[in-house]
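Have a look at the structure below before the remarks.
Residues: numbered from 1 along the sequence shown.
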Amino acid sequence: MAETTTITRPAPIIEGSLTAFLKSIDKLGAGAVPAGFAGIDPSKYAPKIAAESQLQQDARTAAGGLGALTGPDAYKSFMSPYQQEVIDTTLSEFDRQQTIADTARRDQAIQAGAYGGGREGVLAAEAARGASANRANLQAQLLAQGFQQAQAAAAQDLAARQGLGQYQQSLGQAGQAQQQAILDAAAAAEREQQFQPFTQLGLIGQQLAQIQPGAFPTQTVGYAPPAAPASPLATALGVGTGVASIGSKLGLFG
């Protein structure tokens, strides 16, 4: 008994789209590329790192010279060029005042009739020693004041340079980040361009998959395979049977 196979096929318009879609996938899977598509080149969208900006390079170079501002001699370049003149003028005034004091003391000794005596000599020596100590202390104070001012100026300069370096570094990093964003965007665009045929087929496939059954008419085709040819034996037997039947009707076989 022959069997009949029934095939339900989509509408011709849908069947044509599906056929073209599957052929395109087969071509890409086999390595064939459509016209205008040179194949995927990963080097075109490989990650890239933005180079340092000039501000970052300048900040790093400047930071290398900050060590000179933290050493024991850092204050020297900030010493006032007029400090020695101030010290000399102050000490000169001290010496003048000391001379006046010595003259007054000598006049008192002369008036008292004690000038040149032992007691007056002791008092003069003690006064000279005290004056020398006071002069040395005054000079030391002036030097310390100049040193402290230079130290403060050096610290302010160091802080200002560090602040400027941080500001330059921040600006440089912002510029580098912007350049990195540009490189990333370009790589993403190139990657989309490289995968465009696959993306396009994916979108088409999604649209075809969303077509609901029954949205388009279908075709039902019945197919019955032909009967198998008879064997030579069956044919011979069939012929023999036919001859016997005819002979019987004609009375040839009794």
Side-chain angles (χ1 to χ4, degrees), residues 47-186:
K48 297 179 181 179
I49 299 177
E52 280 189 332
S53 64
Q54 188 62 45
L55 284 174
Q56 288 174 293
Q57 297 177 12
D58 293 343
R60 185 172 60 254
T61 301
L66 293 180
L69 300 178
T70 59
D73 297 331
Y75 75 94
K76 290 183 178 180
S77 59
F78 296 92
M79 293 291 292
S80 172
Y82 306 104
Q83 182 181 17
Q84 191 59 47
E85 295 181 9
V86 173
I87 293 175
D88 293 342
T89 301
T90 303
L91 294 180
S92 178
E93 179 61 20
F94 178 87
D95 293 339
R96 190 181 72 84
Q97 295 295 332
Q98 188 62 38
T99 299
I100 294 175
D102 291 342
T103 301
R105 186 179 59 255
R106 187 177 61 251
D107 292 343
Q108 290 176 357
I110 291 174
Q111 291 176 1
Y115 181 73
R119 182 179 179 183
E120 190 275 335
V122 172
L123 292 175
E126 187 63 22
R129 187 189 65 79
S132 177
N134 291 336
R135 190 179 190 278
N137 289 334
L138 178 59
Q139 184 177 13
Q141 290 176 2
L142 294 174
L143 290 173
Q145 183 179 2
F147 172 74
Q148 291 173 357
Q149 291 176 348
Q151 282 269 30
Q156 291 177 355
D157 182 69
L158 176 60
R161 290 173 182 264
Q162 289 176 334
L164 178 60
Q166 292 175 354
Y167 181 66
Q168 287 180 330
Q169 186 70 13
S170 297
L171 289 179
Q173 289 176 348
Q176 186 183 28
Q178 181 181 12
Q179 186 63 29
Q180 185 65 54
I182 294 174
L183 292 176
D184 293 343

task = Using a 4.5 Å cut-off on heavy atoms from C-beta on, say whether the side chain of I182 contacts that of Q179.
result = yes
Between the CZ atom in R105 and the CD1 atom in I100, the distance rounded to the nearest 0.5 Å is 13.0 Å
Sequence neighbours excluded, the answer for side chain to side chain donor-acceptor pair (under 3.5 Å) partners of Q98 is D102
Here the pair of heavy atoms bringing K48 nearest to D184 is O-OD1, 4.4 Å
Tightest non-hydrogen contact, residues M79 and G146, listed as SD-O, 3.7 Å
Heavy-atom nearest pair, A59 first then G165, reads CB-O, 3.8 Å
Contacts of L171 meeting side chain to side chain contact (heavy atoms under 4.5 Å, CB included) (sequence neighbours excluded), chain-then-number -> L55, Y167
CD of Q169 to CD of Q57, rounded to nearest 0.5 Å, is 10.5 Å
Q.
Using modelled atom types and a 3.5 Å cut-off, is there a donor and acceptor pairing between side-chain atoms of Q180 and backbone atoms of A50?
A. yes
Side chain to side chain contact (heavy atoms under 4.5 Å, CB included) filter on T99, not counting sequence neighbours, yields T103
Derivation of the side chain to side chain contact (heavy atoms under 4.5 Å, CB included) call for Q168 and Q56 | CA-CA 7 Å; Q168 287 180 330; Q56 288 174 293; over 6 Å; no
Between side-chain atoms of residues 87-94 and protein atoms elsewhere (two or more places apart, or another chain), which donor-acceptor pairs fall under 3.5 Å?
residue, atom, partner, partner atom, Å
D88, OD1, Q84, NE2, 2.9
T89, OG1, E85, O, 2.8
T90, OG1, V86, O, 2.8
E93, OE1, R96, NE, 3.2
E93, OE2, R96, NH2, 2.9
E93, OE2, Q97, NE2, 2.8

Rounded to the nearest 0.5 angstrom, the CD-OH distance for Q149 and Y75 is 14.0 Å
Sorted by chain and number, sequence neighbours left out, salt bridge (charged side-chain N to carboxylate O under 4.0 Å, His left out) with E126 holds for R129
Residue pairs passing the salt bridge (charged side-chain N to carboxylate O under 4.0 Å, His left out) test with at least one member in residues 145-168, sequence neighbours excluded, are D157-R161
